[in-house]
Q: 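Quick one: the structure is below, and I'll ask about it shortly.
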Amino acid sequence: MVNTSTTTLTMIRRFDVPAKRVFDAWLNPEMMRKWFFTMESTNKVATNEPIVGGTWEIVDHREGKDYRAVGKYIEVDSPSKLVFTFKMPQFSDTEDRITVEINPFENGCNMTFTQLIVVPHEEGQSL
């Protein structure tokens, strides 16, 4: 039996571009393949359907192996908030939840990235 715990990762970043441009970088497959859990040179797949209930997928190829990340959109509120799930099925059945909040200011925006990470623990494993 696998038990789980959760931990939260939060990052805040300032961008000197409009909030809409930052938001769109999360959803445009051509932009996603450059940075979204991958790099342009190693990306094999970058697809998404950015609507509530829609899915996304990234396949990154490194050192002879494919690494697949998938998820489902929970909230899409352009250009201020995006909530989606994150899962790498080849490693675990656990599913994280990622929230991206974008707040505009005069010459750009602040982005807050929060990942609720589900950490699997095998029975008898000490933390």
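Please read these numbers as outputs of a predicted model, since none were measured by experiment.
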Q: Begin from the C-alpha positions of Met31 and Asp24 and carry the test side chain to side chain contact (heavy atoms under 4.5 Å, CB included) through to its verdict.
A: CA-CA 8 Å; Met31 290 297 294; Asp24 289 348; over 6 Å; no

Q: Can you hop from Val17 to Ile102 via hydrophobic side chains spaced under 4.5 Å?
A: yes

Q: Holding to side-chain hydrogen bond (donor to acceptor under 3.5 Å, both in side chains), I want the full list of residues that pass it with Arg97, two or more places apart in sequence or in another chain.
A: none

Q: List for me each residue that meets side-chain hydrogen bond (donor to acceptor under 3.5 Å, both in side chains) alongside Tyr73, sequence neighbours excluded, and say none if there are none.
A: Asn48

Q: Looking at side-chain heavy atoms only, is the closest gap between Glu95 and Lys72 below 4.5 Å?
A: no

Q: Passes side chain to side chain contact (heavy atoms under 4.5 Å, CB included), Val100 versus Phe23? Steps please.
A: CA-CA 9 Å; Val100 178; Phe23 188 86; over 6 Å; no

Q: Going by heavy atoms in the side chains, are Thr94 and Pro120 under 4.5 Å from each other?
A: yes

Q: For the side chain of Trp35 and the backbone of Trp26, is there at least one donor-acceptor N/O pair under 3.5 Å apart?
A: no

Q: In chain order, what residues pass the ring pair (Phe, Tyr, Trp, His ring centres under 6.0 Å) check against Phe86, with sequence neighbours excluded?
A: Phe37

Q: Let me see the working for Asn107 and Asp16 under side chain to side chain contact (heavy atoms under 4.5 Å, CB included), right down to the final yes or no.
A: CA-CA 6 Å; Asn107 295 316; Asp16 293 327; 5.5 Å; no

Q: Quick check: closest heavy atoms across Thr47 and Val45, and the distance to 0.1 Å?
A: CG2-CG1, 4.0 Å

Q: Given side chain to side chain contact (heavy atoms under 4.5 Å, CB included), test Leu9 with Ile117 step by step and report yes or no.
A: CA-CA 7 Å; Leu9 167 70; Ile117 302 167; 4.1 Å; yes

Q: By the rule that ILVMFWY residues connect when side-chain heavy atoms come within less than 4.5 angstrom, directly or transitively, which residues belong alongside Val83?
A: Ile74

Q: How about Thr7 and Val119: do any of their side-chain heavy atoms sit closer than 4.5 Å?
A: yes

Q: According to side-chain contact (heavy atoms from CB on, under 4.5 Å), who are the partners of Phe91, at least two apart in sequence or on a separate chain?
A: Tyr67, Met88

Q: Under a 3.5 Å distance rule, please check whether Asp96 uses its side chain to pair with a backbone N or O of Val118 as donor and acceptor.
A: yes

Q: Less than 4.5 Å apart, any side-chain heavy atom of Leu82 and any of Val76?
A: yes

Q: Quick one: salt bridge (Lys or Arg N to Asp or Glu O under 4.0 Å) pairs with a partner in residues 38-49, sequence neighbours left out?
A: Lys44-Asp66

Q: Are Met11 and Phe84 grouped together when hydrophobic residues (ILVMFWY) are joined by side-chain heavy atoms under 4.5 angstrom apart?
A: yes

Q: What about Val59 and Val70, same hydrophobic cluster or not, with Ile/Leu/Val/Met/Phe/Trp/Tyr joined at side-chain heavy-atom distances under 4.5 Å?
A: no

